[in-house]
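Please read all numbers here as calculations on a predicted model, not as lab measurements.
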Amino acid sequence: MAIAFISLLAVLAAVFSGLPVLAKLVVLAVIALWGFRAFTRSPMHAILLDAGGSPMLDGARGALVGEAVNGLFVALKITMPDRRTRRALVFRDELDSDAFRALLAYLRHG
């Protein structure tokens, strides 16, 4: 949903710009291609919030923190015991509402 909204904003900006018609068509084609590729190739992440153990992100266990947390998305960072890190961006519409609320509650209260 977020990719579609950003693509819609880009299309509106291209349509209302002062570009010639041919340039607008080229820009719109690039936006459509970019949006399609981003939608079909978006990375999938597996998050496991285990109450008894450490959380897991894409098979790596460690300390999970939310680098940026708001009502639209969560930027996750997991630090593994060997100090390596992984990051993931999770949008609200990628999870069902209960799962997203559970993720927010876990990040706020541990």
Side-chain angles (χ1 to χ4, degrees):
M1 188 68 171
I3 294 171
F5 181 69
I6 292 169
S7 297
L8 176 66
L9 290 178
V11 166
L12 289 176
V15 168
F16 292 119
S17 69
L19 294 172
V21 174
L22 184 60
K24 285 182 185 180
L25 292 175
V26 170
V27 169
L28 292 175
V30 169
I31 291 169
L33 178 64
W34 171 78
F36 177 74
R37 288 187 59 179
F39 186 71
T40 58
R41 296 183 183 186
S42 62
M44 302 299 286
H45 298 287
I47 303 166
L48 175 66
L49 303 175
D50 190 6
S54 62
M56 187 168 48
L57 174 65
D58 295 335
R61 288 196 175 271
L64 183 69
V65 295
E67 291 186 312
V69 179
N70 63 36
L72 297 176
F73 69 90
V74 175
L76 297 171
K77 175 182 155 187
I78 191 162
T79 305
M80 294 169 262
D82 60 357
R83 312 283 276 166
R84 290 182 300 142
T85 60
R86 281 196 180 167
R87 290 182 169 83
L89 187 64
V90 180
F91 286 96
R92 184 172 90 188
D93 60 351
E94 292 176 330
L95 300 173
D96 63 359
S97 59
D98 291 335
F100 191 77
R101 280 195 295 268
L103 177 61
L104 291 179
Y106 180 85
L107 292 173
R108 289 186 184 135
H109 304 294

**Message:** Count I, L, V, M, F, W, Y as connected when their side-chain heavy atoms are under 4.5 Å apart, and connections chain through other members. Are Val15 and Ile31 then in the same cluster?
**Reply:** yes
**Asked** Heavy-atom distance under 4.5 Å between the side chains of Pro20 and Lys24, does that happen here?
**Response** no
**Message:** Other residues, nucleotides and ligands only: do more than 12 of their heavy atoms fall within 6.0 Å of CZ on Arg86?
**Reply:** yes
**Request:** Check whether any side-chain heavy atom of Leu76 sits under 4.5 Å from a side-chain heavy atom of Val90, and report yes or no.
**Result:** yes
**Message:** Return the CG to CG distance between Leu28 and Leu33, rounded to the nearest 0.5 Å.
**Reply:** 12.5 Å
**Gap between atom CZ of Arg101 and atom CZ of Arg92 - 0.5 Å precision** = 10.0 Å
**Item:** Nearest non-hydrogen partners of Ala14 and Val27, listed with the distance
**Value:** CB-CG1, 3.6 Å
**Message:** Show every side-chain hydrogen bond (donor to acceptor under 3.5 Å, both in side chains) that has at least one partner inside residues 70-81, sequence neighbours left out.
**Reply:** none
**Item:** Heavy-atom pair with the smallest gap, counting every atom of Gly62 and Pro81
**Value:** CA-CD, 4.5 Å
**Request:** Decide yes or no on side-chain contact (heavy atoms from CB on, under 4.5 Å) for Phe73 and Leu89, but give the supporting numbers first.
**Result:** CA-CA 7 Å; Phe73 69 90; Leu89 187 64; 3.4 Å; yes
**Message:** Going by side-chain contact (heavy atoms from CB on, under 4.5 Å), name the residues that satisfy it together with Ala13, two or more places apart in sequence or in a different chain.
**Reply:** none
**Message:** A side-chain contact here means heavy atoms from C-beta on lying under 4.5 Å apart; do Leu107 and Val74 qualify?
**Reply:** yes
**CD1-OG1 distance between Ile78 and Thr85, expressed to the nearest 0.5 angstrom** = 10.0 Å
